[in-house]
Structure formats: C-alpha cells, structure tokens
Amino acid sequence: MSSNIVWHSHPVDQGARAEQKRQRPLVIWFTGLSASGKSTIAGALEQILTGQGYHTYLLDGDNVRHGLCRDLGFSDKDRQENIRRVGEVARLMADAGLITLAAFISPFRADRRLVREIMPEEQFVEVFVDADLSVCRGRDPKGLYAKADRGEIKQFTGIDSPYEVPQKPEVHIRAGEVPVAEAVNQLLDYLHRSGVLQAGYQPVALEA
Ligand code: ADP
C-alpha cells in the first residue's frame, strides 16, 4: 500500500447523513450455516423497516459473489477475503447513513471480529441464525447439501469446512424452532430496546 495516502475528512459526515435520514445507522450482521435462514430473515426484517420509513440495504452473500467477490472461492483464505471486503462495504453503507443488513455464512470468529472492530462503537449487531445441520440439510433450498454429499462441492460449511459458533452474539435466533415472523419480532424488539428504532413500531402479526 502506498504510504502517500492520507485520509481526507469531508464536511458531510455520517452524523449529517444519519440526521438527514432521521435514523441511527448500523450494521446488522447475520451469521449461520447455509440454509439456516439468514437471507430470509434479513429480507423480512428489511421489508418491515423500509415499510416504516427507514433507509436500508441488504448485502447478501450469494449476490456479492456475482460481482464484488466473483474472483473468490471457498478456501479459508478466500472466505477471509470475502468477509473483509463485504465488511468494508457494510461499513461504507453504514457511513452513508443506512441500516445495513449483511447475510453471510461468515464461518470464522476472527473474520466477524475484524468487521466489528472496523465499525464505530455500537454500530455492529451480530445475529446468530442458529439452525441445526439436520434442519438446514432438510431445507436445502438450493440443493447445495445434496451436492456436497455427492462430493460435487468441496469445503462446504458444516460438512468439510468448519463453522465457529458465535460466543456472545447480540441476538441469538433459534431459526430451526421459531417461524420467520417470530425471528423478525425478536430483532425488532432488540433494535427497539437498544434505541435504534423509534417508539411505536408495529410487531409483525404471527401466523396462526
Ligand atoms: P441462508 O441465507 O442462511 O442460506 P436462506 O434464507 O436462503 O438461508 O434459506 C432458508 C430456507 O429455509 C428458506 O427457504 C426459508 O423459507 C426456509 N425456512 C423455513 N423455516 C424458516 C425459519 N424459521 N427461519 C428462516 N428460514 C426458514
């Protein structure tokens, strides 16, 4: 890296952008096994938030691998670089004033910690989307577990690549047991209690 690069502070900063959007920016980071429900829950939460007038963006693991990270595979080193890049993008989005939702398997504790560390204080919420391997395997919406079992995908998280369970996530969702709406309510509750959302939000109606 060049030593001639100096950080330039601009007159419009995160505070100004947040003020304009009337919200507290942050990164809500969903981690968990493939098919645990990260994208589904993050998407449902984003829909509620935008419906209530918040400004959001959902960064999705599969989607960034089509562009920003399309040169990366699934070796430990590439997974690390994948999370480093999307962590930086999430930071920029929060800096732009957005409530940023990031749904990535992000299997390694050290990589998740690095993302937390580049965020300003209290702007990172780790959400553990916790579903047993057997539940994820049973769902298998993209047929990836079936492929991994046939040996067509190598280094698949939970099978022949490790997943390091979060030790102190801000939110722990038992996504193998609770319906999506309940998971969303758990998140809305947390965001409300921590002062990110203003009073008066509507909980999602639970399906009978
Ligand atoms: P991930 O992003 O973690 O890989 P996805 O959200 O893409 O997982 O897929 C999870 C699948 O499980 C979806 O097809 C979703 O509809 C289904 N599903 C069933 N029950 C739940 C639940 N309680 N929470 C989240 N997803 C669920």
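Each ligand, and each atom within it, is numbered from 1 in the order the structure gives. Just so it is clear, the values below take in all heavy atoms, side chains as well, and ignore hydrogens, waters and symmetry mates. We count residues from 1, following the sequence as given. On a predicted model such as this, the values are computed, not experimentally measured, just so you know.
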Less than 4.0 Å from some atom of ligand 1, heavy atoms are found in residues L33, S34, A35, S36, G37, K38, S39, T40, I41, R139, P141, K142, A175, V178, P179, V180

Sequence neighbours excluded, which residues qualify as salt bridge (Lys or Arg N to Asp or Glu O under 4.0 Å) partners of D62? K142

By side-chain hydrogen bond (donor to acceptor under 3.5 Å, both in side chains) - contacts of Q80 (at least two apart): none

Spacing of CG belonging to D95 relative to CD belonging to E88, to within rounding of 0.5 Å: 11.0 Å

By side chain to side chain contact (heavy atoms under 4.5 Å, CB included), V6 pairs with (sequence neighbours left out) none

Quick check: does any side chain N or O of E170 sit under 3.5 Å from a backbone N or O of E126, one acting as donor and the other as acceptor? yes

Quick check on the 6.0 Å ring-centre criterion: do F74 and F156 meet it? no

